[in-house]
Every structure is written in structure tokens, then in C-alpha cells.
Protein chains: 2
Amino acid sequence: MGRQSGTDADGQRRSTVTDVARRAGVSTATVSRVLNRNYPVAAATRERVEKAIQELGYVVNAHARALAGVSGRTVGIIVNDVVDPFYAYIARGVEREASRGGRLCLVCCTQGDPQRELAFVELMHERRADAVIVVGGSVADRAYTDELARRATELDADGSKLVLCGRPPLGERVPTASVEYDNEGGAFALTDHLLTQGHERVLYLGGPPGLSTTRDRLAGHRRALELRGAEPDSALEQPGAFSRAFGARRMAEVLRQGIRFTAVFAANDIVAAGAAQALEEAGVRVPQDVSLVGYDDVPVAQEMRPRLTTVHVPLEEMGRQAVRVALRDEDEDPWREPATGVVRLGTHIVVRDSVAPRGTHRGRM
Amino acid sequence: MGRQSGTDADGQRRSTVTDVARRAGVSTATVSRVLNRNYPVAAATRERVEKAIQELGYVVNAHARALAGVSGRTVGIIVNDVVDPFYAYIARGVEREASRGGRLCLVCCTQGDPQRELAFVELMHERRADAVIVVGGSVADRAYTDELARRATELDADGSKLVLCGRPPLGERVPTASVEYDNEGGAFALTDHLLTQGHERVLYLGGPPGLSTTRDRLAGHRRALELRGAEPDSALEQPGAFSRAFGARRMAEVLRQGIRFTAVFAANDIVAAGAAQALEEAGVRVPQDVSLVGYDDVPVAQEMRPRLTTVHVPLEEMGRQAVRVALRDEDEDPWREPATGVVRLGTHIVVRDSVAPRGTHRGRM
DNA sequence: ATGAAAGCGCTAACAA
DNA sequence: TTGTTAGCGCTTTCAT
């Protein structure tokens with residue numbers, strides 16, 4: 001026998017389909033049918049049932065419904081931090097697309113801890129989320145990757161899907177969906193833009209060293225350098241973090257050390273904002289003395305003065321696509337071509353006011 | 001008979017406690033006991049069960065568990081927009097506190113539409129969320145308020161709680177919890193600060209006119225004006241929206257119209273950022289020509305140049321308190337004093353660089 | 001320490 | 001068009 005009384009402090013049992021049925025003088029099946037409006041019910045009956053529902057303040061129990069075989073209509077999204085605009089915009093896309101499909105969104109924040117990420121994937125699986133979306137770069141740790149792959153497989157076995165949003169695949173054999181963006185290409189274009197303007201010594205600033213996002217951006221940057229025959233200099237690569245504080249601090253240090261450069265490639269716009277501050281405090285003018293670029297094209301890029309040249313990443317669209325790619329088998333009509341499970345979105349450089357041609361620079365070189 | 005096959009495309013039934021029990025040679029009760037580690041189980045038995053769980057890739061079904069009477073361990077939060085830092089910081093607090101208690105967070109965005117808000121409250125009730133937190137100012141529409149009150153009552157009847165976070169109560173009789181902050185007081189302090197610096201004509205800029213948040217801030221502003229005997233001037237009250245775009249646009253218009261003022265009280269920091277931009281473009285210097293203040297103390301306030309004087313609102317803490325106040329009956333030990341169900345947090349002015357004494361101003365008056 | 005079995009609230013197959 | 005009823009997967013009481 002179940003253990004709970006089914007009554008609350010007031011002795012008021014919360015109402016169930018059975019209560020509604022009794023009050024309306026119909027069967028539970030009929031109540032279910034008016035609830036789900038997926039089956040013909042006589043108008044008069046329907047009204048009686050709806051009246052009973054009103055009077056009892058009845059609210060259907062989604063757990064019971066899910067247990068009876070109906071989708072829980074939930075998608076899960078796992079991000080580093082909801083406050084970071086990179087994640088926030090993706091989360092917004094996920095929420096909007098989920099909402100459009102009548103789904104609710106479970107949101108978790110890992111604060112950068114892979115173990116928390118794995119734990120959250122599990123919790124969302126327990127809740128039988130229709131899809132679990134993990135967002136943003138990942139570390140290349142083997143044990144972690146294997147474990148995530150295992151969970152992806154288990155999710156898949158339960159008819160759900162792990163979606164990789166902005167991070168590399170888990171391997172050919174692992175059943176996942178994924179949304180990618182051209183990270184390397186954007187970085188290439190950005191550095192190429194700088195090179196074209198005559199800059200040869202470009203400082204690469206920020207981004208956690210182990211992260212796939214950093215790897216890809218740095219790879220694009222290096223490829224452009226190489227292509228133009230600019231000589232690489234490890235002193236010009238200063239990864240670290242994706243924070244404003246890091247950008248400001250490391251920029252100041254680099255200035256103090258007297259490392260020579262005429263342009264700064266910040267790993268993202270937030271880092272660029274920090275760098276801009278340090279530059280300003282050191283009396284270095286952007287773009288007259290030093291050119292500065294960022295990445296992501298989040299609002300701060302337009303709000304900075306000078307406005308920041310950066311790479312546009314379609315963050316909100318990535319979020320939307322993440323839920324689409326995971327759910328199209330469930331929602332769309334079956335005559336559509338079978339989904340590939342991978343969508344790749346483009347990036348493009350947005351030229352604003354923070355880059356000037358090398359020729360106009362003074363000092364620092 | 002249930003209608004679904006219980007098998008997926010591969011004919012692989014997903015495993016259940018029964019499968020685990022069979023494989024481990026124990027009963028489902030025993031499996032449940034090792035799952036919940038709330039009851040003594042022989043070490044050897046436990047190991048066999050855990051092995052079976054591993055081998056089958058078994059993941060407990062939270063719906064079944066919830067239906068059997070265990071809390072779903074979910075809290076719901078409803079915000080305007082996850083990207084807006086005001087909401088994002090509160091959401092972060094909610095997520096962290098929920099997570100601390102082993103709960104997951106359902107997040108919905110209303111995009112400012114009260115009807116969507118009501119619909120989301122219902123959906124979260126269906127999912128039997130332990131608490132449903134509605135965040136931010138509300139409109140004073142009676143039909144809407146009544147409906148929300150009704151839903152609060154129904155939630156309460158199911159042992160859950162509607163939490164009002166940063167908005168006025170729904171009435172004495174309506175069972176809700178709430179987290180308030182001293183909105184009026186912060187506005188009072190801010191305008192008083194301006195007045196003390198010799199400003200007499202203060203432009204109030206932004207904030208949706210119908211919103212409780214705007215009402216409270218405006219009320220504090222007016223009270224300070226009155227107290228200091230500054231004469232009110234309706235031309236100096238320019239509500240509208242909480243966006244950067246509004247701040248920039250309306251600021252430019254006001255400048256064009258030649259309305260006289262020496263200080264601007266922006267309804268929040270985002271509006272202040274927009275106003276700052278318009279001011280800059282018009283060649284009006286902050287704070288030399290015009291003083292500027294904001295509200296909320298979100299990061300942009302520190303990032304602006306000059307750094308923005310504003311009112312600090314403990315956003316993340318509000319989020320944390322929202323889940324605490326709703327859940328302390330469930331989680332805390334019963335000997336604690338009974339919760340009041342209302343927590344009120346203070347605000348304080350943060351003086352930075354965007355205000356100068358009236359004496360140093362030139363022009364505009 | 002373990003097992004048997006009822007029941008949580010709902011949906012849908014089947015019967016009428 | 002409506003009713004009857006099995007069963008979704010789990011927890012817990014009660015018995016052993």
C-alpha cells in the first residue's frame with residue numbers, strides 16, 4: 001500500500017481525475033478525453049466536466065501522465081553560467097524553441113565543473129527529458145568524455161538525445177545530435193583582417209587553455225598567421241580565462257612586460273572589454289595605438305567605445321537549432337527527409353571601429 | 001492495458017526496477033532500498049544490485065518516483081527574459097540554491113506577457129514543482145491579479161508555493177511567499193543624493209509605466225523631491241521601457257526638446273547606458289554637464305565610463321531567498337521557528353563617478 | 001535483511 | 001459517445 005495519506009494539512013485531498021469524474025457523473029476516461037481534446041466528447045458532457053474541473057481546482061498531474069506514456073514535454077539545457085551572455089543567448093534560443101513546441105526547459109549551471117555536468121545529465125535523464133543539451137566548449141579529458149558518451153548512449157536507449165551545442169563530437173559510435181558553428185573560420189577571418197591592415201604582431205588574449213573553444217579559435221588565428229607568413233611568437237599567446245577581470249589583468253601585465261604588439265585578439269568580447277579598460281588606463285588608445293578585436297558579438301561589443309570589431313556567432317539560433325535537431329523525429333511529420341543530426345552554422349566578422357591600419361600606429365613597435 | 005509497447009526501435013525494453021531486481025536475484029523493494037540508501041541492505045546484496053544497475057544502464061524514472069509520493073525536487077522560475085541581467089542574476093540565485101538542495105530548475109520566459117506567465121504557472125503546477133517563483137514587477141490589472149491569486153491558492157492546496165520575487169503581494173488572503181527589496185527606499189536615497197549635490201531639476205527616464213517596479217521607484221523619487229521642496233514637473237517624468245534603446249532614444253528627444261535638467265535618474269542601469277550614449281553623442285559630458293544615475297547595480301554600471309552611481313539590489317540573494325522562503329517548511333528541521341513567508345532585503349546606493357555637484361555644471365539650466 | 005503487493009494518477013485499448 | 005480496466009515504474013507497509 002502506498003504510504004502517503006493523500007491528504008494535506010487541512011485534510012483536503014487534492015483532486016484527481018477520479019474526483020472530477022465523480023463530480024461530473026462520468027468516467028475517468030471521459031475526463032481524460034476532455035483534458036486531452038484528442039477524442040470526440042459530447043458538448044454537454046464536456047461542459048459538465050469542465051465545470052467540475054473549475055470547481056475542484058483540478059490540475060492534471062504531469063508525472064502520472066508521463067508515467068502513462070505521454071512525453072514529459074521537457075528539454076534540459078546545461079550551461080556554465082546563466083549570467084554569461086554567451087550562454088544566456090543560447091539558453092534564450094532553447095527556451096523559445098522549446099516553448100514553441102509546448103515544452104518546458106530545465107536549466108542547470110555547471111560553473112565550469114565537468115563533474116556537475118555529468119551529474120546534471122543524469123538528473124535530466126531521470127526526469128526523462130526529451131533532449132539534453134550541453135552547451136559550450138569542453139575539456140579533452142578522456143575519463144570525462146567516456147562517461148559523457150556512456151550517458152549519451154543511455155539517453156538514446158530511452159528515446160532521448162544528448163545534443164552537443166558548440167563543442168566537438170564524442171566519437172562516431174556515440175549517438176548524439178549536434179549544433180556547431182564555424183569557430184575556427186571566424187578566428188581565421190578575424191586574424192586575416194588584422195593582418196590585412198598591416199598588423200604583424202597580434203596578441204592572443206584569454207580563453208581557458210584546455211577548452212575546445214579556445215583550441216579552435218587559436219587554431220584559426222594560427223592558420224591565418226601562417227598563411228600570411230607572420231612569424232609565430234609564443235609570447236604573443238596569452239590564454240587564461242573568459243572573464244573581463246582576466247582580460248584587464250593580463251593586458252596590464254603584458255603592457256608592463258613590454259611585449260611588442262600592434263593588435264589584440266581577445267578570445268571573446270568580455271575579455272576584450274577588460275583589455276580595453278587596461279589599455280585605456282595605460283594611456284594606450286584604441287584603435288590609434290593598438291587595434292582590438294573580440295569574439296561572439298554579444299551586446300557589450302556594440303556598447304564599447306570604440307565599438308568593437310568582432311565575430312558574430314548566431315547564439316540564439318544555435319539554441320533554437322539544438323532543440324530542433326534533437327526533436328524533429330518526434331515533432332515533424334514523418335515524410336520529411338531523415339535528419340542528419342548535425343547542423344553547422346556560419347560565423348562572420350563584424351567590422352566596427354576598434355581596428356585601424358598599421359600605418360597610423362605610433363609607438364609600441 | 002497501457003498502450004505503449006515499452007520497447008524502442010531496437011526492441012530493447014528500457015530497464016526498470018523489475019529488470020534490475022530479476023538480474024540481481026532480489027525483489028524490487030530491495031532495489032528501491034539500495035537506490036534510496038535510506039534503509040539497511042546487506043553489503044553483498046547491495047553490490048549485486050549495483051552491478052545489475054551498471055550492466056543494464058538503468059536510470060530511475062523520476063515520474064514514477066514522484067507518482068509514488070516522493071517530491072519531484074523541482075522549482076520553477078518565471079522571468080521576462082533570461083538575457084536581461086536583472087533576471088539573469090536572480091535566476092542564478094534560484095538555480096544555485098535549488099541545486100544546493102538537490103533540485104532542478106524549470107525556467108520560463110514570458111517576454112513581458114502576463115498571459116504567458118499565467119500559462120507557465122499552470123504548467124509548473126502540473127509538474128508539481130515544489131515552488132513556483134514569479135520574478136519582477138507586475139502590472140496592476142485586476143483580472144490578471146485575480147487569476148494569479150487563484151493559481152496561488154491551487155498551488156498551495158497541492159503543498160506547493162507561489163513566490164512573489166520583487167513584486168507586490170496579491171492580497172492578505174492569498175497564500176504566497178515573497179521576497180521584497182527596498183525599491184522605494186533606494187530611489188529615495190538616490191534622488192536625495194542628487195538633491196544634496198544641488199540638483200533641482202532631475203529627469204526621470206524609463207521603466208514601463210504600468211509596472212509596479214516603475215511605480216515604486218518613481219514614488220521614492222517623488223518623495224525625495226517633495227521632502228526637499230523641489231517643485232515637481234511632469235515634463236521631467238519620462239517613463240517608457242527598461243531598454244537601452246529606449247534610454248538612448250528618449251534621452252536624445254528630451255535633449256532636442258530643450259527640456260531643462262541637470263541630472264538624469266534612469267529607471268535602471270541599462271536605460272542609463274542608453275542615456276549615456278545619447279548624451280555623449282550630443283556632446284553633453286557626464287558628470288560635468290549632466291549627472292547620471294541608474295538602478296540595479298548590474299555589471300554595466302561598473303563598466304561604463306564614467307562608472308555609474310546606482311542603487312545596489314541584491315539580485316542573486318533575492319533568488320536564493322526565493323527558494324528558501326518557499327522550501328524551508330520542507331527542508332529544514334521542524335524545530336525552527338515557523339517561517340513568516342516574507343523576506344525583505346535592503347538596497348543601498350553605490351556612489352561612483354557619474355554624479356557631480358551642481359556647482360560645477362555649465363549650460364543646460 | 002528481504003519479499004509480496006498495493007496504490008500513486010493517468011491514458012488508451014477494448015468493450016458496449 | 002462513453003465506460004471498464006490494465007498497466008506505466010516506483011515506494012512503502014506489512015509480513016516474514
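This one's a predicted model, so the numbers in the text were calculated from it and none came from an experiment. So that the names make sense, note that chain A is the first sequence line, chain B the second, and so on, each numbered from 1.
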Round to the nearest Å and state the distance from A:Asn61 atom CG to C:dG9 atom C1'.
-> 6 Å
A:Leu67 CG to C:dC10 C1': how many Å, rounded?
-> 8 Å
Check the distance between D:dC10's C1' and A:Arg128's CZ and give it to me in whole angstrom.
-> 11 Å
Check each of A:Val323, A:Val325, A:Val135, A:Ile77 against A:Cys165 using the side-chain contact (heavy atoms from CB on, under 4.5 Å) test, and report the only one that passes.
-> A:Val135
Can you list the residues that meet the side chain to side chain donor-acceptor pair (under 3.5 Å) rule with B:Thr145, with sequence neighbours excluded?
-> none
Between atom CD1 in B:Ile53 and atom P in D:dC10, what is the gap in whole Å?
-> 10 Å
Would you mind reading off the distance between B:Arg65 atom CZ and D:dC8 atom P, rounded to a whole angstrom?
-> 19 Å
Mind checking what makes side chain to side chain donor-acceptor pair (under 3.5 Å) contact with B:Ser27, not counting sequence neighbours?
-> B:Thr30
Among residues 24-48 of chain A, which contact DNA chain D at a heavy-atom distance under 4.0 Å?
-> A:Gly25, A:Val26, A:Ser27, A:Thr28, A:Ala29, A:Thr30, A:Arg33, A:Tyr39, A:Pro40, A:Val41, A:Ala42, A:Thr45
Separation of C:dG9 atom C1' from A:Arg22 atom CZ, nearest Å, is 13 Å
Which whole-number value in Å describes the distance from B:His63 NE2 to D:dG7 P?
-> 22 Å
Considering only distance and modelled atom types, tabulate donor-acceptor pairs under 3.5 Å from the side chains of residues 42-49 of chain B, sequence neighbours left out.
{"residue": "B:Arg48", "atom": "NE", "partner": "B:Ala24", "partner atom": "O", "Å": "3.1"}
{"residue": "B:Arg48", "atom": "NH2", "partner": "B:Ala24", "partner atom": "O", "Å": "3.1"}

Rounded (10°) bend between the five-pair end axes of the helix from C:dA1-D:dT16 to C:dA16-D:dT1 = 30°
Scanning both residues in full, the closest heavy-atom pair of A:Cys109 with A:Asn80 reads CB-O, 3.7 Å
Would you list the pairs meeting salt bridge (Lys or Arg N to Asp or Glu O under 4.0 Å) in which at least one residue belongs to residues 53-62 of chain B, sequence neighbours left out?
-> B:Arg23-B:Glu55, B:Lys51-B:Glu55
Counting distance only, does the side-chain N/O of A:Arg127 pair as donor-acceptor with the main-chain N or O of B:Gly72 below 3.5 Å?
-> yes
Would you confirm whether A:Arg96, through its side chain, and A:Ala91, through its main-chain N or O, come within 3.5 Å as a donor-acceptor pair?
-> no
